[in-house]
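I have placed the structure first, in the form of C-alpha cells, so that the comments after it can refer back to it.
Just so you know, residue 1 is the first one in the sequence shown, and it goes up from there.
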Amino acid sequence: MAIATVEDAPIKNGTRVLVRVDYNVPLTVDGKISDDKRMVDSLPTVHYLLARGAKVILCSHFGRPEGKPEPQFSLRPVYEHLKTLLPNVTVQFAETTVGETVTQQVATMPNGSVLLLENTRFQPEETANDAGFAKQLASLGEIFVNDAFGTAHRAHASTVGVANYLPGYAGMLMAREIQALSQITEHPTRPFTVIIGGKKASDKLSLARKLSDVADNVLIGGRIAQEWQDDGVQHRAKIYVAPDQGLDISAATVTAWRPIIESSRTVFWNGPLGQFDVDPKNGAGTRAIAQIVSATNAVSVVGGGDTAAAVKNFQFTHVSTGGGAALEFVEGTTLPGIACLQKKGGE
C-alpha cells in the first residue's frame, strides 16, 4: 500500500502540523493513566516533527461524550501525562478544539513545541464529519498527519474531513501498522493461522469466513465460540472451534491447538480467548496461547484493544494499537482514515 508518510511531507521550521493521534487511553479511578502505550507509540512522529522545528498540534478523541463538554472526558489528564513523556519540550493545552482562542494559541506557539487540543468529540460535528468543523480544525495547520490507526475505520472530521483541506500523510505509527498488517494479508508465509476470540460474534463471523478462504487454520475461542454456527459454506481452511463454555478455553483446547500454532509461519490473533476482564482467572487460556505464539519463529501480529491488554507481557512481531481498525483492515475493508491520505509519489 503506497501511502505517503510524514517523512515525505515538506516540514520546515515553523510549519504548523495538525496530527491526529489516538490518546483514548484508560484511566484509573483516581484519574491516572493506567496504560500509555498509545501515547508512547505516537512519540516517534512527534519527535520527528519537533526536530524539524514544527509547531505540533495534536488532536484526539477521548471516551464517548455526547457531543458536548463533559469533565470526565477531558483530555487534561492526558496532557499532564504527555508533559512527562516530553520533559524537554514546551507542551500546552487548549481548553477547546477550535475557535479564536485556539487560533491565537497556535499563532503564538514557539517553533518546536506541542499544543494538545481538547477532546474532538466535545463537538457534535466531529462524528458527523461535518465539513464546516473539519475546515475550522484544518485551518490550525498547514499539513495533516494521521497517526491514529485505532480510529482509521471512522470517517470523522478529525480523521477524514481535514484531509479535504490539507495535504495528508501517514504518521510513523500508522505506517508501521499498514506495513505489518499488509504483510499478513497480502503475502503471508505459510502455514498461516488465524486465532479469533472476543465477545461479539457478529463482528468476528465475517472475519472468520473471509480469512478461512486464505488461511490454513482458523482457531475460534472465547465468548464467540458459544455463538458460532456452521453456515454450511465449505472453506479451504481448517476451522477449530473450542468446545468450552466461553469463560476461558480449557487446557485440552490449548493442548489441541499447540501443534497447529507451533507449525505456523504466520499468526494473526484478534480477540482474547476468555473473559479475563470479568475474572483474571479466565485469562489462563489466553496467556497459555500467547506463550506458545511468542515462542515460535512465526510472524505474529496481534489485534489491539482487549487482546493487546491480555497479552502485554509476551513478545510478538507486531501488536496493533487498533482493535476494530485491525479487524477491518485484515478483512479487506478500505479504511477511510487511510484512503484520504496522499499516495506515495503522487500515485
Side-chain angles (χ1 to χ4, degrees), residues 1 149 153 177-244 249 253-274 285-286 288-308 310-311 314-320 322-335:
M1 183 177 292
F149 178 76
H153 58 319
E177 295 275 12
I178 293 171
Q179 180 181 21
L181 293 170
S182 295
Q183 181 180 3
I184 65 168
T185 55
E186 296 174 4
H187 306 290
T189 304
R190 297 186 181 280
F192 176 26
T193 295
V194 175
I195 304 172
I196 301 176
K199 302 174 183 178
K200 298 179 181 178
S202 58
D203 291 348
K204 304 295 176 71
L205 190 58
S206 62
L207 176 68
R209 288 170 177 164
K210 290 179 180 179
L211 288 183
S212 64
D213 286 327
V214 296
D216 299 288
N217 306 289
V218 178
L219 313 180
I220 301 174
R223 201 175 301 178
I224 73 162
Q226 294 176 283
E227 303 178 40
W228 175 270
Q229 293 181 357
D230 185 2
D231 60 7
V233 178
Q234 296 299 311
H235 297 293
R236 182 174 60 81
K238 296 179 180 179
I239 299 178
Y240 303 86
V241 182
D244 313 305
I249 59 171
T253 295
V254 173
T255 299
W257 287 4
R258 178 185 292 274
I260 298 171
I261 297 170
E262 289 180 337
S263 64
S264 299
R265 298 290 303 280
T266 304
V267 176
F268 174 68
W269 183 356
N270 189 288
L273 303 171
T286 297
I289 295 299
Q291 186 172 25
I292 296 170
V293 174
S294 64
T296 70
N297 292 320
V299 172
S300 53
V301 177
V302 176
D306 291 341
T307 319
V311 301
F314 299 91
Q315 296 297 314
F316 304 93
T317 305
H318 180 73
V319 178
S320 177
L327 189 67
E328 292 190 25
F329 189 103
V330 172
E331 281 184 311
T333 302
T334 299
L335 304 188

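With Ser320 contributing its side chain and Gly322 its backbone, the two residues share a donor-acceptor pair below 3.5 Å. A donor-acceptor pair is defined here as one N or O able to donate and one able to accept, closer than 3.5 Å; no such pair exists between the side chain of Thr266 and the backbone of Val299. With hydrogens and angles ignored, the 3.5 Å screen pairs no side-chain donor or acceptor of Thr317 with any backbone N or O of Val301. At least one donor-acceptor pair under 3.5 Å links the side chain of Ser182 to the backbone N or O of Ile178. For the pair Trp257 (side chain) and Pro259 (backbone), a donor-acceptor distance under 3.5 Å is absent.
In this structure the side chain of His153 reaches within 4.5 angstrom of the side chain of Glu328, judged on heavy atoms. Residues Phe149 and Leu181 are in side-chain contact: their nearest non-hydrogen atoms beyond the backbone lie under 4.5 Å apart. Proximity of Ile195 to Val218: side-chain heavy atoms (C-beta onward) are nowhere separated by under 4.5 Å. The side-chain heavy atoms of Lys238 and Asp216, taken from C-beta on, include no pair separated by under 4.5 Å. Two residues are said to be in side-chain contact when any heavy atoms from C-beta on lie closer than 4.5 Å; Phe268 and Val302 fail this criterion. Counting only heavy atoms from C-beta outward, the side chains of Phe314 and Gln291 approach each other to under 4.5 Å.
Not counting sequence neighbours, Ser263 has no partner by the side chain to side chain contact (heavy atoms under 4.5 Å, CB included) test. For His318, the side-chain hydrogen bond (donor to acceptor under 3.5 Å, both in side chains) criterion is met by Glu177, not counting sequence neighbours. Take Arg258 and apply the salt bridge (charged side-chain N to carboxylate O under 4.0 Å, His left out) test, not counting sequence neighbours, and it matches Glu262. Partners of Thr253 according to the side-chain hydrogen bond (donor to acceptor under 3.5 Å, both in side chains) rule, which considers only residues two or more places apart in sequence or in another chain, are Asp244, Ser250. Here Ala298 pairs with Val267, Thr296 under the side chain to side chain contact (heavy atoms under 4.5 Å, CB included) rule; sequence neighbours left out. Not counting sequence neighbours, the partners of Ser264 by the side-chain hydrogen bond (donor to acceptor under 3.5 Å, both in side chains) test are Thr193.
Atom OG1 of residue Thr185 and atom CG of residue Leu211 lie 9.0 Å apart, to the nearest 0.5 angstrom. We find the CG-CG distance between Leu219 and Leu273 to be 8.5 Å, quoted to the nearest 0.5 Å. Atom CZ of Arg265 and atom CG of Asn297 lie 8.0 Å apart (nearest 0.5 Å).
The nearest pair of heavy atoms linking Ala215 to Val194 is CB-CG2, 3.8 Å. Ala326 and Gly303 make their closest contact through CB-CA, 4.3 Å (heavy atoms, listed as atom of the first residue, atom of the second, distance). Taking each heavy atom of Thr286 and Pro272 in turn, the nearest pair found is OG1-C, 3.9 Å.
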Audit row: Asn270, Ile196, side-chain contact (heavy atoms from CB on, under 4.5 Å) steps and yes/no: CA-CA 5 Å; Asn270 189 288; Ile196 301 176; 5.7 Å; no
Worked verdict on Tyr240 versus Asn217 for side-chain contact (heavy atoms from CB on, under 4.5 Å): CA-CA 8 Å; Tyr240 303 86; Asn217 306 289; 3.8 Å; yes
